[in-house]
Each structure stands twice: as C-alpha cells, then as structure tokens.
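Because only heavy atoms are used, hydrogens play no part in the values below, and waters and symmetry mates are left out as well, while side chains stay in. Letters go in sequence order (proteins before strands), and every chain restarts at 1.
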Amino acid sequence: MKRLIFLFACLFIFAGCKKSSFVSKFDEDPEVRMGEAIAKVKNILSSAENGWIAITPTADGGGYSFFMKFDAAENVKMYADLNDASSTTEYASYYRVKQDQGVDLVFDTFNYITMLNDPDPATLGGNRGTGFKSDVDFIYDRSSGDSIIFTGKRYRQSLKMVKATATQRAAYESAGLKTAIDKVKSFFSTNKYPYIEIVSGTSTIKAGISINTTNNVAGGKRLTLTGVLADGVTTATASTKFAFTLDGPFLLGTDLKYSSITFVKILWKDASTLALYDSTGKEYIVKNSTAPLTPLYLLLGASYGNVVLPNATTYTGWGSEYISRRATAASAMLNGGYALRLEQMTYTFNNTTKKMTLKVNMPQNATQYVGTLNYTYTRGSDGIFKFTYVDADGNGTLIVPFMAALLGQRLNVNTFTVDYLSDPISGGLYAQFKSIENPNFTFSGALQ
Amino acid sequence: MKNFIKNSLALAIILTIATSCRKTEDLDVDFNKYNLDMPETNTDLDKWLNTNLLDPYNMKVIYRYNRYYYGDAAADVAPLKPENVRPMMQTVSDGYLAPYLKIAGLDFVQRTNPKEWVLYGSAKYQTDGSAIAGTAAGGRRVTLYGLNSFSLAPSFVNSRLYVIHHEFTHILNQTVAIPIDFEAISGGTYKQPWTLTSAATAKDNGFLGSYASGSPTEDYAETTATLLVSGQSYYDNYANTSNATAKSRLKLKESNVVNYFNTAFGIDFRKLQKEVQNYLKNTIKDPSISFGYWLNRNLYKSMTINLDNDVTYSTYGISDQFRTAYQTSKANVIGLSGFNLGFGSVKLNFTSATAMTMDVNFSQGTTNYVATYNFTMSVNDATGAVKFTLSSTAPTGNAALLLTSVQPLLTYLNNNNFIADWLPASYNTGTYTNFGGFYVSGTPANYFYGALGQ
C-alpha cells in the first residue's frame with residue numbers, strides 16, 4: 001500500500017512536471033475568436049437591408065414586437081407595438097455588440113425596447129424597480145438563414161428576429177403595424193363574445209376568447225381561453241402572451257393548452273375571419289356568440305373576483321325593492337349618530353374557499369372608512385347562491401344594524417341567482433343578483 | 001511512516017524546485033486583438049463633449065448604457081435619451097464646473113474633477129423601495145441617474161445640481177479626509193439604515209434629513225450640497241426651525257464645511273456659494289432661493305441701513321435716489337429747529353410676511369429715541385415684486401414729530417414698486433445673505449439695501 005502511494009505520488013509529480021508549449025484546441029486564441037463572433041453578429045444584423053422583425057416576451061408582462069433596422073455605425077431605428085406612437089413613429093438610438101458572457105447585443109440608449117426594462121412606472125406602466133422584467137443586454141444564441149436569436153442577459157427571455165421582406169419593411173414604414181393592431185382590436189370589439197368550438201370526446205365544447213391589448217403588467221398583451229369543459233360544470237382557462245405583427249397577434253410559447261389541445265397560432269383566414277391553429281395544424285374558426293358563453297355563476301370567484309356596486313341611488317339592474325331598501329339603509333347610516341354615508345359596495349368572491357367579503361365604503365365627512373363583512377356561501381349545481389353571515393371588522397360591526405334592510409332581512413336570508421347584464425348605454429358587462437324569494441330585490445355591479 | 005513522508009516530501013520539493021526553474025518562451029499576448037468595449041461615435045454631441053469637457057478638464061462622459069458601471073445585479077436601470085446628454089452636461093458645466101473654475105481655479109478643477117461621468121436614463125431603484133439619484137466612487141467617477149426626465153425647470157436643475165455637489169463633496173472627501181471633529185458634532189446619533197430614521201428625528205438630532213443621519217460622509221455631503229444649492233436661507237430657516245441643540249449642531253457643521261474648503265483646498269466657500277446661487281437665480285430663475293421668497297416666509301426680520309457708518313456702502317455704493325432721500329431726511333432731522341437732534345440709522349422691521357415698520361433711530365444729547373412708521377407689505381414669490389404702503393393712520397409721538405423731516409424716505413418707500421434681491425450684486429466679503437435689498441422695478445440702478453437680521 002505504502003509503495004503504491006509512493007508510486008502514485010511520484011507519477012503525479014512527474015506528470016505535473018511535463019511541460020509543453022500551449023497548443024490551442026481551436027485555431028485561434030479566445031479573444032480572436034470572440035472578435036470574429038462579434039463581427040459576425042454585427043454583420044448579420046447590419047447587413048439585413050430590410051431590417052428585422054423581432055419578438056420577445058417579457059418575464060412579468062406580455063409579449064412585444066419590434067421592427068428594427070441596424071447599420072454598421074451602431075445606429076438602430078425601430079417601431080414597436082407598445083402603443084399608437086411607437087407603431088407609427090420610427091425612433092433612432094444606438095446599439096453595440098460587445099463581449100460579455102458570449103456575444104452581447106446592447107440597446108445602449110433609450111428606445112422602445114428599453115421602455116420594457118425601464119424601472120420607472122411613468123415610462124410605460126411597468127412595475128416600480130423592475131419594469132416588465134425585460135433586458136437591455138441580449139446574449140447571442142444562434143442564427144440560421146433568415147433568423148437570429150438572442151437571450152436576455154438577466155431575465156432569460158428570448159429575442160427572436162426574422163429578416164423582413166421589402167414589402168414588410170414598406171408596411172412598417174407606412175404605419176402598417178398600427179393598421180394591423182387596429183384591425184385586431186376592431187374584430188374583438190365587434191365580436192363581443194368570440195369563441196371557438198372544440199370537439200372533446202363525444203361532445204363539442206365552446207371556449208370563449210378574450211384578448212387584453214393593454215400594457216398592464218399583470219394582464220396585458222395576453223390572449224385567454226375560458227369555458228366549461230365537457231362535463232358541463234368544470235371551468236377551464238388558459239392564457240398566453242402575444243405580440244402584434246403585421247399578420248395579427250403572434251402567440252408566444254406553448255402555454256395556450258386548453259382541453260388538452262395546444263394552440264400555437266392565430267391568423268387571419270380571410271379579411272374578416274380569425275382562426276386559431278393547434279400544434280397539429282388543425283384550424284378553429286373564431287365565431288361570435290350573441291351572449292356570454294359560460295354561465296356567470298361558474299366564473300364568479302374564478303375568472304371574475306369582484307362585483308362592484310357604485311355609489312348611486314338607482315342603477316341599471318337594481319330592482320324597485322333594492323332601491324327603496326338601499327335608501328332606508330343609507331338613511332339609517334346617516335342618522336345613526338356617526339353621519340356615515342353609504343357609498344360604493346364591493347362583493348369579492350373566492351370560489352375555492354367559498355368565502356364572500358362585502359366591503360362597504362362609509363365616509364364620515366371627508367374621511368373615508370371601509371367596513372368589511374365576512375360571509376361564506378354555497379353554490380348549488382343549479383347556480384343558486386346562499387350567503388351566510390360570519391362576522392365583521394369594527395367598522396362593519398357598526399353598520400350591520402343600519403344595513404338590516406339590505407343584509408339582515410335579505411342578503412343573509414334569501415337565495416340568489418346571478419346572470420350577466422349588459423348596460424344598454426355603455427355596453428359594459430355587469431353581474432346581476434336576483435332574490436328568488438323577493439323578485440323585486442335585484443342588484444347589479446361591474447364585473448372585475 | 002514518518003520517514004516515508006519526510007522522504008517523499010523532500011523528493012517532491014526537490015522535483016518541484018527543479019521543474020520550477022525550467023523556463024519556456026515569453027508570454028505572447030497581443031492586446032490589439034482584445035475586444036475592448038469602447039463605443040466610439042463622432043456625432044455633434046461627441047464633438048461638443050470632447051471640446052467642452054474632455055479636452056479642457058479630462059472629463060469623459062459615458063452616456064451609452066453599460067450595466068457594469070452601476071454594478072448592481074439586483075437593479076434594473078434604463079438607458080438614456082442621447083438628446084438629454086448635452087443639456088444635462090451644460091447644466092453641470094454652468095452650475096458646478098464654472099463656479100469652481102472661477103473661485104478655485106483651473107488647476108484645482110483639473111486635479112479634482114471626476115474623470116468619468118456616467119449617465120443613466122432612470123433612477124436606480126433599491127430593494128427597500130428608495131431610488132438613487134447619483135453616486136460617487138473612488139475619487140474619480142460620478143454616476144447620475146434619472147436623466148430621461150431632464151428639464152430646465154428649477155425643481156429638476158436644483159435637484160440634479162444638489163446631487164452633483166453632494167457627489168463632488170464625496171470626491172473631495174476621498175482626496176482630503178473629513179475633519180475629525182465633524183463626526184463628534186452629532187456623535188452617537190448616526191444610524192443605518194437611514195430609511196428607518198424619520199425626517200423629524202433626523203432634524204431633532206441636527207441632520208438635514210434622514211439620509212444625512214446615516215453616516216458622517218453623507219452628512220458632510222448633504223451639508224455642503226444644501227449650503228451650495230438649496231442656499232443659505234434654506235439652511236438658516238431649517239436651523240431656526242429646529243430645537244436649540246440641533247440648531248447649534250447645524251451651525252457647527254456649516255462652519256466646519258467652510259473651514260474645510262479653506263484649509264484643505266484654499267477655497268473661499270462663501271464666494272463659491274454665491275456663484276452657484278447666482279447661476280440658479282439668474283439662469284434657472286429658481287424662485288425658492290430668492291430674497292423675496294424668504295422675505296415672504298418671514299425668515300428675515302430686519303434690515304439695518306446706516307449709510308455713513310457702514311463700510312459696505314463705501315465699498316459697494318448706493319443709488320443716488322436713495323442716498324438723496326436718506327441724506328435729505330437725515331439733514332432735516334438734525335436741522336429740526338429747537339430740538340438739537342442727532343440722526344442714528346434707519347431700520348426696516350419685517351414683522352410678518354405682510355407688514356413692515358420703519359424705525360428712525362435718533363438722539364437728543366445722550367438719550368436715544370425711535371420714531372416708528374407702519375407699512376403694509378406684499379411680496380410676490382415668483383417675481384420678487386414688493387410693495388410697501390404707508391399706513392393712513394396719522395403717526396403719533398416721535399413719529400409725528402419727525403414726520404415732515406423723514407418724508408423723503410417715506411415717499412421713496414411708499415411710491416416705488418420694488419423687486420427684492422440679494423444686493424449689492426457684487427458683494428463678496430461674506431455670506432451672500434448678509435445683505436439684501438430692493439431695486440425699483442424696471443430701474444435696477446435705483447436701489448437700496450441693508451444688513452439683514454433673522
């Protein structure tokens with residue numbers, strides 16, 4: 001054993017002593033090869049005479065698209081689908097390609113793409129400190145043919161660029177992106193309740209489509225499918241990020257899985273028809289329903305969390321009995337010794353815990369107070385709600401006796417159905433509750 | 001076993017030494033092929049930066065984004081709009097470089113001026129929710145954030161110059177250390193993280209804000225920047241509204257800074273202060289540093305005018321119109337038949353933001369008397385316009401006795417529309433707020449001024 005150790009020690013020492021001139025595994029030194037890679041990426045970017053169509057998701061927000069033209073003098077000009085201005089006005093800034101952990105494309109002065117990174121909420125509405133969680137530095141990944149792909153240095157989101165054709169370039173440079181965006185927006189504002197039909201087993205189910213074209217970090221630039229599965233009661237929802245291109249919304253990733261189908265594309269089938277396509281290429285024409293597809297009771301506490309009743313004495317969907325009882329409650333609060341005014345009421349549902357919270361705005365002079373009342377509820381398979389009062393916070397306890405006409409005598413003891421209500425004037429979508437025992441006791445509020 | 005280890009160790013050492021002696025060829029690295037990250041453009045902006053900042057002061061402005069200059073992996077900082085570079089650096093040049101060049105000289109600026117100025121578009125947000133507007137490092141780099149919102153509005157320029165003077169103080173402190181007696185002034189009350197110290201607590205302990213209460217270095221930079229940019233009036237008002245201990249601490253810190261600039265760098269801090277204030281007053285038109293603004297907040301309680309016994313008037317002069325009104329009134333008082341009076345001085349008392357009384361101090365033999373005349377006063381913050389209106393109530397006592405004699409002064413004050421300003425304009429023998437005055441609107445050559453009291 002000792003000898004063995006000695007032998008190995010000697011071997012290691014001698015092996016360690018062996019010197020030879022360094023011979024690179026590669027042809028060139030690292031800095032030379034990196035220099036070549038930098039030159040290559042820069043050349044690819046700046047040699048595309050009609051520019052690039054670039055698409056990236058953001059880590060916290062939705063997806064975004066750009067039309068970029070690079071030149072050899074480190075200038076980049078771009079359009080983007082952030083808003084009307086960015087889709088119609090070309091903005092110029094600098095870029096450079098440098099060595100980082102790989103080849104790094106930096107958008108090193110302000111432009112549309114850096115607005116996604118901007119930590120100041122005033123710039124585009126991103127979160128304070130982190131914006132939409134997008135990058136300024138993009139590390140080169142690979143390129144082939146007409147495409148080049150980068151990965152965000154910090155947030156690891158891919159930035160995929162495809163060479164634009166002369167026709168596409170001409171379209172971008174004549175506000176074509178805004179036209180394309182407006183066409184999609186117009187389709188979804190004309191077709192209020194769009195849906196697709198999916199064959200699931202022996203039945204055909206419908207999945208409603210909603211599209212959020214805002215820059216809201218949490219919900220913007222997303223397309224969502226919502227509906228009831230084949231069993232008739234289970235709701236399903238699937239959502240994915242998208243960016244606008246000249247061809248319409250471009251879906252990012254493979255998140256849009258609904259009823260075990262993965263949707264990968266949405267395209268204009270003809271001038272006025274949109275269609276979704278799944279991963280096998282199957283087409284699903286987007287149709288329009290005259291009314292919302294999914295019964296509201298299934299979505300309350302899931303897709304919709306809140307029903308907000310405004311500070312008003314009458315309102316669309318408020319029955320005569322509700323109006324008079326609300327007036328009674330308001331009067332009791334005002335004259336109950338605290339001079340409280342009954343204002344906005346928010347019903348918040350949680351379908352998982354089956355809890356409902358009623359928040360009542362109850363200002364005294366100029367000071368806003370909020371009373372919180374806690375309920376549990378049951379929801380029958382027929383969509384009938386029964387609320388059970390649990391408790392309330394200090395403010396809530398104070399107003400419970402004042403609001404007896406609304407709560408103790410109605411909400412706490414009656415059973416309710418709920419349905420959509422469309423405001424004939426604003427077109428806004430409301431939820432309306434109807435008491436089964438007292439048909440004139442109905443109230444409604446905005447769905448959020 | 002021991003021997004074995006000993007032997008093999010010895011062998012190993014010998015072998016190592018032997019092989020260590022072996023030399024191979026020279027290290028052959030060609031740095032020309034190294035991929036330096038030095039973006040170069042030659043736009044009008046770059047030429048302007050080179051001509052105005054790089055060539056004369058060796059001041060390199062880095063405005064193209066490089067995440068390693070802010071160096072915080074946990075922060076997102078947005079790149080800058082290039083069109084904001086030149087106006088921002090012009091502001092730096094006018095509000096920071098020019099005052100130092102004039103008072104401290106080219107040699108001082110070339111020696112101490114930070115060599116790298118890194119500019120970013122957004123603020124650098126911290127995980128605790130605060131946002132950083134600027135940093136200084138190693139005596140050679142200043143980093144400024146949040147410049148995408150650049151404007152020449154007084155609030156923006158004031159806040160950025162504040163950051164620059166704050167950071168430059170750090171640079172100076174990194175060159176010549178803070179006097180050791182400074183830390184003892186608020187000794188024992190420095191505490192981190194500063195965000196947990198309320199502004200009120202900081203003020204009670206003699207700090208200019210929560211941030212200053214974090215550490216002596218920040219305290220020092222805040223004291224300097226406040227005196228230079230926010231102005232002496234702001235500083236005095238802050239001190240006056242603190243408790244007695246805090247006020248004395250603030251005053252000690254002020255004199256510490258003034259001495260530091262003088263002994264460490266041979267800079268007259270008071271002249272430097274006036275230069276920065278003049279830029280803000282004349283170019284940026286910042287109303288919050290003006291005499292009128294602070295008169296309107298009743299910081300200054302009095303103005304003493306004694307044309308014949310104050311050397312300031314012989315040094316800096318006084319307008320003929322006021323001299324005539326003053327000297328005629330004086331002669332009238334002395335010549336008042338049958339009283340044999342002596343004339344002392346005139347004092348304006350700003351008793352509130354809307355009232356002023358004029359005291360005429362006179363004497364008979366060895367007894368001093370005062371004749372008091374009441375005026376109402378109105379001050380416009382934005383323009384500095386001031387109007388005095390003599391009370392219509394007939395004066396009594398001493399004031400009635402001298403009414404006719406001092407009528408030229410009363411008429412001068414009552415009949416003119418004034419603009420409040422730091423006068424005399426060329427005053428440079430002390431703090432610029434020692435004297436303040438008024439000139440007739442539209443006729444700057446017709447003015448008067450006096451020593452201010454708080």
Side-chain angles (χ1 to χ4, degrees), chain A residues 2-3 5-6 9-10 12-14 16-22 28-29 31-32 34-35 37-39 73-75 92-100 103-104 106-111 113-120 122-123 126-137 153-155, chain B residues 1 4-5 7-9 11-16 18-20 22-25 27-43 63-68 73-85 121-127 129-131 145-149:
Chain A
K2 277 180 193 171
R3 279 167 190 272
I5 293 172
F6 184 75
C10 287
F12 274 117
I13 289 162
F14 280 112
C17 292
K18 194 189 166 202
K19 292 276 174 194
S20 60
S21 282
F22 169 75
E28 299 280 4
D29 293 336
E31 68 272 13
V32 175
M34 179 54 86
I38 289 172
E74 303 193 336
N75 296 298
S93 68
Y94 294 120
Y95 79 97
R96 68 184 195 271
V97 183
K98 69 180 184 82
Q99 178 173 337
D100 197 276
V103 180
D104 181 13
V106 197
F107 295 96
D108 61 13
T109 44
F110 180 90
N111 208 325
I113 194 167
T114 70
M115 290 170 82
L116 300 173
N117 157 270
D118 204 312
D120 181 352
T123 305
N127 290 331
R128 182 182 158 92
T130 54
F132 290 77
K133 288 197 175 171
S134 186
D135 272 290
V136 174
D137 293 87
K153 179 174 169 65
R154 178 170 184 197
Y155 293 112
Chain B
M1 188 63 189
F4 165 74
I5 292 174
N7 289 339
S8 34
L9 207 63
L11 182 66
I13 289 167
I14 288 164
L15 280 168
T16 310
T19 53
S20 299
R22 190 172 160 210
K23 293 281 175 210
T24 54
E25 70 270 34
L27 192 62
D28 181 20
V29 178
D30 182 359
F31 279 99
N32 288 324
K33 289 177 183 163
Y34 197 76
N35 302 295
L36 298 176
D37 180 29
M38 294 176 73
E40 289 290 340
T41 47
N42 193 24
T43 59
Y63 61 90
R64 290 177 70 172
Y65 178 92
N66 183 334
R67 68 186 304 114
Y68 299 106
D76 286 308
V77 179
L80 176 67
K81 293 175 178 168
E83 63 265 30
N84 288 356
V85 175
S122 72
K124 180 175 158 188
Y125 292 85
Q126 302 291 94
T127 45
S130 60
Y145 297 94
L147 303 185
N148 277 346
S149 53

Engaged part of [X] at the chain A interface, taking heavy atoms whose separation is under 4.5 Å:
{"X": "B/Ser130", "result": "backbone"}
{"X": "B/Asn66", "result": "both"}
{"X": "B/Asn35", "result": "both"}

Residues in side chain to side chain contact (heavy atoms under 4.5 Å, CB included) contact with B/Glu83, at least two apart in sequence or another chain: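 Residues passing side chain to side chain contact (heavy atoms under 4.5 Å, CB included) with B/Glu83: A/Tyr91, B/Lys81.
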Among B/Gly121, B/Ala131, B/Pro39, residue most engaged with chain A (heavy-atom pairs, under 4.5 Å):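 Among B/Gly121, B/Ala131, B/Pro39, the one with the most close pairs to chain A is B/Pro39.
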SB check A/Arg96 B/Asp37 (cutoff 4.0 Å):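 A salt bridge is present here (some side-chain N lies under 4.0 Å from a carboxylate O).
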Lys/Arg N to Asp/Glu carboxylate O, A/Asp135 vs A/Arg154, below 4.0 Å: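 Salt bridge between A/Asp135 and A/Arg154, a charged N being under 4.0 Å from a carboxylate O: no.
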Any side-chain heavy-atom pair of B/Tyr63 and B/Val85 under 4.5 Å: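 Yes, their side chains come closer than 4.5 Å.
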Close side-chain approach of A/Asp29 to B/Tyr34, heavy-atom, < 4.5 Å: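 They are not in side-chain contact.
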Polar side-chain atom of B/Ser149 near backbone of B/Gly146 as donor-acceptor pair, under 3.5 Å: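 It does hold such a pair.
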Can you tell me which portion of [X] sits under 4.5 Å from chain B's heavy atoms? Options are side chain, backbone, both or neither.
{"X": "A/Lys153", "value": "side chain"}
{"X": "A/Tyr155", "value": "side chain"}
{"X": "A/Asp104", "value": "neither"}
{"X": "A/Gln99", "value": "side chain"}
{"X": "A/Thr130", "value": "both"}

When A/Asn75, A/Asp137, A/Thr123, A/Val97 are compared by non-hydrogen pairs under 4.5 Å with chain B, the top option: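 It is A/Asp137.
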Residue selection (most heavy-atom pairs with chain B, distance under 4.5 Å) from A/Ile38, A/Val106, A/Val136, A/Asn111: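 Of the candidates given, the most pairs with chain B belong to A/Val136.
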Donor-acceptor side-chain pairing of A/Asp100 and B/Tyr68 below 3.5 angstrom: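 Looking only at side-chain atoms, B/Tyr68 and A/Asp100 do form a donor-acceptor pair, the distance falling under 3.5 Å.
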Closest non-hydrogen atom pair, B/Tyr125 against A/Asp120: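 Looking at all heavy atoms of both residues, the shortest contact is OH-CA, 3.5 Å.
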